[in-house]
Amino acid sequence: MSSVRSHRRSVISEAVAPWSDIARLLRGGDAGTLLPVIIPKHRRRLWWMLPLWVGAYALLTGVMLSLKESGSDGLGGMAAGALATLSYTFGMLLLVIGGLWWWRSSIVEIEQGTHGVLTRYGAVVRTLDAGRHYLWHPWSRVDFVVDTATEIPYSAPVMACPTQENVPLRSIEFFLKFRITDAVLFVRTIGAGNFDLVLSSAVQDAIRQRARKVRTERAYDLRGSDVADMQDLLNRQLDRYGVRITGCNIPDVQLPAQYQQHLATREQVAKERTAYEQEWGLIRKRRIDSLGMDIERAKKIRDARIVEVRAALNRAREEVAQLLERQETEAQRVRFEIETRGRSGLIAAENEARAQQALAKAYRDNRAVLRYELARRRLEVGSRLAEKAPRPVVVRTDGGTDTSALSTLFTAQLLPRLTSGDRVLNAGALLSAEDGGHDQR
């Protein structure tokens, strides 16, 4: 099919044409019209039966003349025989001409990629595939030649299509490709002219539903968007007509003049923004390069300082190792001195312990003697105390004695002196006894 000019709706129709023009019309259309169905002009008439009937009549005439010749003699018989021969010859010639005419008019050639709809007495019999076919029946004919292999392009611009904000767009171009899958169903159910109206209305309805879901400022997003849902919707609607949509897209969307200016301003701002971003990118790159160089220099300085620190660390480790070695030597010397002093102290302590043990043994041997001496001393002290113990003074106050106040006073003053003198003597005896025991110990 020929491509349709943009911004114009494709027109699908059918045409009546002779067999010689069918291939050209199916492939190229007619004056911008898509022609998926062609009605052939049939040159097949019943004139081919006239030679057959005349030839049969001539043969029958020849038979009758032959019968007349056999029944008559002389000149009449000879004339009848000559006429019979002429009738046979003419009749056979007409039969051959009629047969050739019938054979030639029964040939039908179907173009590659198309199907012919064969009818008999107006009823559809079957479809004819591509190639040569012979229609021997006088009333059999091909009423339609349908293109079933070509994907036919169809353009349907939708004008004044409102968006979500109810702003009418100038136009939305919708392009699709369809293919006729069932020739008989297509020509008998809807036909090419009616299918054009049905397809146009279905496409407009689908486009308007899609545009209602889009905001005006995002209308350009419809270009090249995914329209698989619209294709499925159209296939469900057109499947009953024997047509299948093989592909569709939205190539162009035209906004109102006001929004075009707005978008032009947005594009200019976007370009300026892109230029600023590029400029900032260059400045950023230069700054990043400068920072990278500073970082490299700082890394080198850091590496040099790390080397210095490592060298100082190695020196410090060496000094610490030497110091530790000296400290270890000094500690070992001190340890040896302490061990020597400890051993000598241990030996002295052991000797002293042995002496103390011997002394303790001696004390243990003298314990019995000391106990005996202590017991003897106690006996001696006891005897001395018994000898020097105060004697009791008995003051009789019975009847027959003097119990005057003067005698009582005198007795009270004398008794403390007697008792105090005895106490002093007893204390001196005890001190002397204890001093003698300690000296013997």
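Note that the structure is predicted; figures quoted are calculated from it, not measured.
- Side-chain N or O atoms of Thr163 include none that pairs as donor or acceptor with a backbone N or O of Ala211 at under 3.5 Å.
- Under the 3.5 Å distance criterion, with hydrogens and angles disregarded, a donor-acceptor pair is assigned to the side chains of His115 and Thr148.
- Of the possible donor and acceptor atoms, one in the side chain of Ser344 sits under 3.5 Å from a partner among the backbone N and O of Arg341.
- Side-chain contact annotation: Glu318 with Asn314, donor-acceptor N/O pair under 3.5 Å absent.
- Using a distance-only test at 3.5 Å, with no hydrogens or angles considered, no donor-acceptor pair links the side chain of Ser290 to the main chain of Arg286.
- More than 12 heavy atoms of other residues, nucleotides or ligands lie within 6.0 Å of CD in Glu339, so this atom counts as buried by the packing criterion.
- Using a 4.5 Å heavy-atom threshold, the side chains of Leu234 and Leu176 count as touching.
- The two residues Thr150 and Arg179 make their nearest non-hydrogen contact at O-CG, 3.7 Å.
- Side-chain atoms of Gln254 never come within 3.5 Å of backbone atoms of Ile172 as a donor-acceptor pair (strictly under, hydrogens ignored).
- The backbone N or O of Ile12 lies less than 3.5 Å from a partner atom in the side chain of Asp196, making a donor-acceptor pair.
- Judged as a salt bridge (Lys or Arg N to Asp or Glu O under 4.0 Å), and not counting sequence neighbours, Glu272 has no contacts.
- Considering every non-hydrogen atom in both Arg212 and Pro162, the closest pair reads NH2-CG, 3.6 Å.
- Among all heavy-atom pairs drawn from Gly116 and Val142, the shortest one is CA-CG1, 4.0 Å.
- For the pair Val243/Leu199, no side-chain contact is recorded, criterion being any heavy-atom separation below 4.5 Å from C-beta on.
- Atom CE of residue Met159 and atom OG of residue Ser171 lie 5.0 Å apart, to the nearest 0.5 angstrom.
- Not counting sequence neighbours, the partners of Phe195 by the ring-ring contact (aromatic ring centres under 6.0 Å, His included) test are Phe178, Phe186.
- With Ser10 contributing its side chain and Ser155 its backbone, the two residues share a donor-acceptor pair below 3.5 Å.
- Closest approach of Asp182 to Leu185, counting heavy atoms only: OD1-N, 3.3 Å.
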